[in-house]
Asks: 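After the structure tokens below, expect a handful of questions from me.
Ligands are counted one by one from 1 in listed order, and the atoms in each one are counted from 1 as well.
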Amino acid sequence: MNFPFDNSYARLPEEFFSPAKPAGVAAPRLLLFNEALADQLGIERDGATDDELAQVFSGQRLVEGSQPLAQAYAGHQFGQFVPQLGDGRAILLGEVVNRQGRRFDLQLKGAGRTLFSRGGDGLAPIGPVLREFLVSEAMYALGVPTTRALAAVATGATVERERPLPGAILTRVAASHLRIGTVQLFAARGNRQALNTLVEYTLQRHYPDHPIDPTPAMTLLQAVCEQQARLVARWMALGFIHGVMNTDNMTLSGETIDYGPCAFMDQYDPQTRFSSIDHGGRYAYGNQPIIAQWNLARLAEALLPTETKPNASLEQAKAIIEQFMPRYEQLWLEAFNAKLGLAEVIEGDRQRLEHLHTLMQAGTADFTQTFRGLARWLQTEELAALPAGLQQQPELPAWLADWQQRLTRQGRTSTAVAQAMNRVNPYVIPRNHKVEAVLTAAEQGNLTPFKQMLAAVRRPYEEGPEQAEFSTPAPLTERVYQTFCGT
Ligand code: AMP
Ligand code: MG
């Protein structure tokens, strides 16, 4: 096989990483290979068989140009600073530069221990590997900036968790794996030189059009705040709950990373959380914007030592962090307005949206079905198009009338509006109960339901027969209340 490797991270100073070697795997077997993504990356299969792909994407055969390493980073986990984390179960194979000149990290997740593994085994069970594959590909199809999944390989070995599970390795593709925690590592060590190098490297890699002088760190902070405000607004508009928004899981590129205990919300409730380790609900749906801002404030603190005029920069950093929430709210408003078929934001739109959210919550309405239902109601005027609990809200008719009036002022036909809505409101999301079901089947050796679901979530706006099975909320008996990191 031929990979267009060019490993810029490996050329950084030695404190940025530790060389690593994927562990031996007795019987690697290819589960999934993302041909379309391989093509986008400029990876040439050159007639390689599935078995050869399994060798490559389990780290057994290193393609020429690969320089495997584990990245060093730190981070706040559930509010507590951990000075040394790093890739404990991930190994960067290298970076590829595609035909358009875009650079991507290729990383194996679950390929064995590294210098940063601490007490962990560096391995991954098949469930979390396939979960990340499915959800990251769904997010990509939904237009959300995200890491992606190139391959999944079964190792043939057993991973010991609460019970023995089949092991697997995911090949993750990312714009980079630089994270807030990378900056925090060098800030905590007081290593100003490394911080400066990191700032310059990150700006070059992700924000080449932004001016580097006179305050590169503040330029970076501003750019990351903007990307994260956009990202979290997208999550909120889809009912996506990340679940572990630790600073080591928040990228400097603005891509979603680390699909551990993540989940999509069914019934609308801002308190919704699924992660079994998120006892206080710190990372609940409705908390995500404020947590993003909290994380960005930690980024600001970590960046400040690099500035030559710390006092002036402190004021600038404060202003940038304070601007995050208004900027996010503007993007939130635009995203939700688009979900209602409204192209522009005007006075009164926020109240209408907040009112709708109140009605959805009171009626325990399914988040995704509400917006598809509203488009259908526009064309049929039948309340039956809406979730049952929402239909029963006494204030709903007044809300609908007000919305319709607002749409009339916009001057497009109902059909055009409904079509626009169906282009931003998915019909299919990876619903928890379905995710659990297809992962359980895969654990038992049957990958067919997983593949069907993957095909459905890759075309989330289509109402075809492939999608229908995955479009409905869980019946009471199948509801999922908790998700697990699978570490
Ligand atoms: P996460 O919560 O997945 O972002 O992981 C947090 C930290 O724990 C990172 O430094 C991981 O590399 C490390 N980690 C998670 N699972 C394992 C494992 N099975 N073996 C070694 N390190 C792990
Ligand atoms: Mg992580």
Asks: Under a 4.0 Å threshold between the charged nitrogen and the carboxylate oxygen, would Arg327 count as salt-bridged to Glu226?
Replies: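 Answer for the salt bridge query: yes.
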
Asks: Using distance alone, with no hydrogens and no angle criterion, decide if Gln271 and Asp269 have a side-chain donor and acceptor under 3.5 Å apart.
Replies: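 Not at all, the side chains of Gln271 and Asp269 share no donor-acceptor pair under 3.5 Å.
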
Asks: Using a strict cut-off of 4.0 Å, indicate which atoms of ligand 1 neighbour a heavy atom of Gln77.
Replies: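 Selected atoms, number and element: 6 (C).
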
Asks: Decide whether a cation-pi geometry holds between Arg230 and Trp235; the criteria are a distance under 6.0 Å from NZ or CZ to the six-membered ring centre and an angle within 45° of the ring axis.
Replies: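 Geometry flag: not set, cation outside 6.0 Å or 45°.
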
Asks: Which atoms of ligand 1 sit under 4.0 Å from any heavy atom of Arg118?
Replies: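 Here the atoms of ligand 1 in question are 7 (C), 8 (O), 10 (O), 13 (C).
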
Asks: What atoms of ligand 1 come within less than 4.0 Å of a heavy atom belonging to Gly122?
Replies: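 Those qualifying, in numeric order: 18 (C), 19 (N), 20 (N), 21 (C).
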
Asks: Side chain, backbone, both or neither: which applies to Val244 and ligand 1 if a contact is any heavy-atom pair less than 4.0 Å apart?
Replies: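 Near ligand 1, Val244 shows nothing, with every heavy atom at 4.0 Å or more.
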
Asks: Which is it for Phe116 and ligand 1 at heavy atoms under 4.0 Å: side chain, backbone, both or neither?
Replies: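 Contact part for Phe116 vs ligand 1: neither.
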
Asks: Does Arg161 approach ligand 1 within less than 4.0 angstrom via side chain, backbone, both or neither, non-hydrogen atoms only?
Replies: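 The answer is the side chain.
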
Asks: Taking atom 15 (C) of ligand 1 as the point of reference, which of Arg89, Gln84, Lys109, Gln71 owns the nearest heavy atom?
Replies: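 Nearest heavy atom to atom 15 (C) of ligand 1 lies in Arg89.
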
Asks: Does the side chain of His76 come under 3.5 Å of the side chain of Asn246 through a donor N or O and an acceptor N or O?
Replies: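 Absent: no donor and acceptor within the cut-off.
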
Asks: Atoms of ligand 1 less than 4.0 Å from Gly120 heavy atoms?
Replies: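 That gives atoms 20 (N), 21 (C) of ligand 1.
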
Asks: Considering only heavy atoms, which of Gly88, Gly243, Pro125, Gly110 lies nearest to atom 12 (O) of ligand 1?
Replies: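 Checking each option, the heavy atom nearest atom 12 (O) of ligand 1 is found in Gly88.
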
Asks: Run down the list Ala90, Ala74, Gly86 and name the one with the heavy atom closest to atom 11 (C) of ligand 1.
Replies: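 Looking at heavy atoms only, Gly86 sits closest to atom 11 (C) of ligand 1.
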
Asks: Ser117 near ligand 1, heavy-atom distance under 4.0 Å?
Replies: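 True for this residue.
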
Asks: Under a 4.5 Å cut-off applied to non-hydrogen side-chain atoms, are Phe240 and Met139 in contact?
Replies: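 A side-chain contact exists here, since the closest heavy-atom pair is under 4.5 Å.
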
Asks: I'd like to know whether ligand 1 has Arg113 as a neighbour, heavy-atom separation below 4.0 Å.
Replies: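 Per 4.0 Å heavy-atom rule, Arg113 does not contact ligand 1.
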
Asks: Quick one: which ligand 1 atoms are inside 4.0 Å of a heavy atom on Asn249?
Replies: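 Near Asn249, the atoms of ligand 1 are 4 (O).
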
Asks: Can the ring centres of His357 and Phe336 be said to be less than 6.0 Å apart?
Replies: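 Between His357 and Phe336, the centre distance is under 6.0 Å.
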
Asks: Report the residues that fulfil side-chain contact (heavy atoms from CB on, under 4.5 Å) with Ala152, sequence neighbours left out, ordered by chain and then residue number.
Replies: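 For Ala152 the side-chain contact (heavy atoms from CB on, under 4.5 Å) partners, ignoring immediate neighbours, are Leu31, Leu32, Val129, Leu130, Phe133.
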
Asks: Salt bridge or not for Arg148 and Glu132, using N-O below 4.0 Å?
Replies: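 Salt bridge absent between Arg148 and Glu132.
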
Asks: For ligand 1, is there an N or O atom under 3.5 Å from any N or O atom of Leu85?
Replies: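 Looking only at distances, the answer is no, because the N/O contact criterion of under 3.5 Å is not met.
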
Asks: Suppose we call two aromatic rings close when their centres sit under 6.0 Å apart. Are Phe186 and Phe16 close by that rule?
Replies: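 When the ring centroids of Phe186 and Phe16 are compared, they turn out to be within the sub-6.0 Å range.
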
Asks: Are Tyr73 and Phe116 an aromatic pair, judged by ring center distance below 6.0 Å?
Replies: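 That pair fails the under 6.0 Å test.
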
Asks: Kindly report the OD1-the Mg ion (ligand 2)-OD2 angle for Asn249 and Asp258 respectively, rounded to 10°.
Replies: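 Once rounded, the angle between the two atoms at the Mg ion (ligand 2) is 80°.
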
Asks: Heavy-atom distances under 4.0 Å are what count here, so tell me which part of Asp87 touches ligand 1: side chain, backbone, both or neither.
Replies: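 It is the backbone that touches ligand 1; the side chain stays farther off.
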
